[in-house]
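Before anything else, here's the structure in question.
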Amino acid sequence: MPRLIAFVGAAALSLFAAQATAEGLLTHCSTDIETLCADVEPGDGRVMSCLYAHSAVITDECHAATDGMARLMEGFFDRVAEVSEACATDLQDHCTGVPAGGGAKFQCLRDLGGDLSSDCANMLESMAQQ
């Protein structure tokens, strides 16, 4: 499951991060970024992910600026957990040699097409439609 979260998460987080402008994050979250996420390389939603991971301790101003994205991320991670469960056997049987990151494992599953288990294929189709 962590591998699926990692490869799908990177793609999704970059989409979520694009919704919040860098200017907005810098304006409302600069102190939190400097304090909590200074060692995080910007890009692909990594800073937003760091802020999300520290949501219990970020400033009220930063929390307000990122609240919508945090709710989207929570829903997304719930969905990724469902996909991970439905595709666990497919990942193990067909994608173990594929390195995690950059959506490679997700692409591996998509490339399998008709060779996927029905549960996995249905879950991926459902996720794609959302």
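Remember, predicted model here, so these are calculated numbers, not experimental data. Along the sequence shown, residues are numbered consecutively beginning with 1.
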Problem set entry | Under 3.5 Å: donor-acceptor pair, side chain of Ser84, backbone of Ala81 | no
For this session: Would you give the length of the straight line joining atom CD of Glu41 to atom SG of Cys50, rounded to the nearest 0.5 angstrom?
Result: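 So the gap between those two atoms works out to 13.0 Å.
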For this session: Count the heavy atoms belonging to other residues, nucleotides or ligands that lie under 6.0 Å from CG of Asp78, then report whether that count exceeds 12.
Result: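 Yes, CG of Asp78 has more than 12 neighbouring heavy atoms, counting only those of other groups under 6.0 Å.
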Problem set entry | Flag side-chain contact, heavy atom, 4.5 Å: Cys29 against Leu51 | yes
Exercise. So do Leu36 and Ile58 actually touch side chain to side chain, heavy atoms under 4.5 Å?
Worked result: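 SC-SC contact between Ile58 and Leu36 confirmed.
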Seminar exercise, completed: Minimal heavy-atom distance between Asp90 and Asp115, with the atoms involved, is OD1-O, 4.2 Å
Exercise. Is there a donor-acceptor contact under 3.5 Å from the side chain of Thr66 to the main chain of Cys62?
Worked result: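 Yes; judged by distance alone, with no hydrogens or angles, the pair exists.
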Exercise. Where is the tightest heavy-atom contact between Leu124 and Cys87, given as atom of each residue plus distance?
Worked result: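 For Leu124 and Cys87, the tightest heavy-atom pair comes out as CG-SG, 4.2 Å.
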Exercise. Would you say Arg46's side chain and Val40's backbone share a donor-acceptor pair under 3.5 angstrom?
Worked result: no
Seminar exercise, completed: In terms of heavy-atom contacts, Pro42 and Val47 come closest through CA-CG2, 3.9 Å
Problem set entry | Heavy-atom closest pair, residues Ser117 and Ala86 | OG-O, 4.0 Å
Problem set entry | Thr89 OG1 to Leu116 CG distance, which is reported to the nearest 0.5 Å | 11.5 Å
Seminar exercise, completed: Note: His28 and Glu61 closest approach over all heavy atoms is CA-OE2, 3.2 Å
For this session: Measure from the side-chain N and O atoms of Asp32 to the backbone N and O of Thr59, and report whether any donor-acceptor pair falls under 3.5 Å.
Result: yes
Exercise. Does Leu91 share a hydrophobic cluster with Leu112, counting links as ILVMFWY side-chain heavy atoms below 4.5 Å and allowing steps through other members?
Worked result: yes
For this session: Give a yes or no answer on whether the side chain of Lys105 reaches the backbone of Cys95 with a donor-acceptor pair at less than 3.5 Å.
Result: yes
